[in-house]
Each structure stands twice: as C-alpha cells, then as structure tokens.
Amino acid sequence: MIKLPYVRTMFATCMLFQSIYVLCVLLWLIAPDLRGHELLPTIFPSFKLTTVGSFIYGLVASMLYGWATAVIFVFFFNLWPRFAAAVLGEGVVRPT
C-alpha cells in the first residue's frame with residue numbers, strides 16, 4: 001500500500017495555493033474589470049487589494065487553506081485501502 005507523506009503533500013499544496021493566489025492578485029492588478037475578482041474577498045475575509053498587509057494576510061491564509069486541504073486529502077488517501085479491504089475483502093486491495 002502506498003502511503004502519502006503528510007509534510008511533503010502539505011508543502012506542495014501550500015505552494016500550489018499560494019501560486020494561484022499570487023496569480024489571482026496579479027490578474028486583479030492587470031485587469032480590475034474582470035468578473036470573478038469578488039471571489040478573493042469572499043475566500044479571505046477583510047481582504048483589500050490596496051494594502052501590503054492584506055496581501056500578506058491572503059498569502060498566509062492561502063497557505064493555511066492548502067495545509068488543511070492536504071491534511072484532509074492525505075488522511076482519506078491513506079485510509080482508503082484499509083477501508084476498501086475491510087468492506088470489499090482483502091483480494092481487492094493489492095499491496096505494493
């Protein structure tokens with residue numbers, strides 16, 4: 001059974017979420033008229049584009065969201081083979 005490591009997955013997801021966040025902020029600066037920019041203040045409460053502190057807040061919040069997402073994903077990914085073996089039988093899950 002392949003087990004995902006928590007720390008590697010957490011940092012990879014964190015970097016992905018932060019990259020997407022920075023791209024969204026850059027797109028907001030380049031094209032402020034596009035629809036969909038209201039999503040950032042919805043995801044990050046009290047987010048304002050005009051301040052550096054708010055940008056850093058969004059960066060830290062996206063990191064925390066990435067870590068939480070990774071923890072939940074890795075937990076269920078690592079749990080699934082045991083659950084499938086218990087429900088469907090040992091022959092269904094192949095050890096690797």
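Reckoned from all heavy atoms, side chains included, excluding hydrogens, waters and symmetry mates. Because the structure is a prediction, the values reported are computed rather than measured.
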Cluster check Leu64, Ile56: I/L/V/M/F/W/Y, side chain < 4.5 angstrom:
yes
Candidate list Tyr6, Phe17, Phe11, Phe73, test ring-ring contact (aromatic ring centres under 6.0 Å, His included), partner Trp67, passing option:
Phe11
Begin with the C-alpha distance, continue with both residues' side-chain angles, and end with the deciding distance and a verdict on side chain to side chain contact (heavy atoms under 4.5 Å, CB included) for Ile43 and Tyr65.
CA-CA 10 Å; Ile43 294 174; Tyr65 289 157; 3.5 Å; yes
Please report the C-alpha distance between Val22 and Leu59 in whole Å, then the side-chain angles of each, then the deciding distance to 0.1 Å, and finally whether the side chain to side chain contact (heavy atoms under 4.5 Å, CB included) criterion is met.
CA-CA 8 Å; Val22 169; Leu59 205 59; 3.9 Å; yes
Only one of Val71, Val74, Thr69 passes side chain to side chain contact (heavy atoms under 4.5 Å, CB included) with Thr9; say which it is.
Val74
Is it true that Ile30 and Phe55 fall in one hydrophobic cluster, defined by side-chain heavy atoms closer than 4.5 Å?
no
Can you name the closest pair of heavy atoms from Met10 and Ala70 and give their distance?
CA-CB, 3.6 Å
What's the separation between atom OG1 in Thr13 and atom CZ in Arg8, rounded to the nearest 0.5 Å?
13.5 Å
How far does CG of Leu26 sit from OH of Tyr21, to the nearest 0.5 angstrom?
10.0 Å
Cluster check Val52, Leu23: I/L/V/M/F/W/Y, side chain < 4.5 angstrom
no
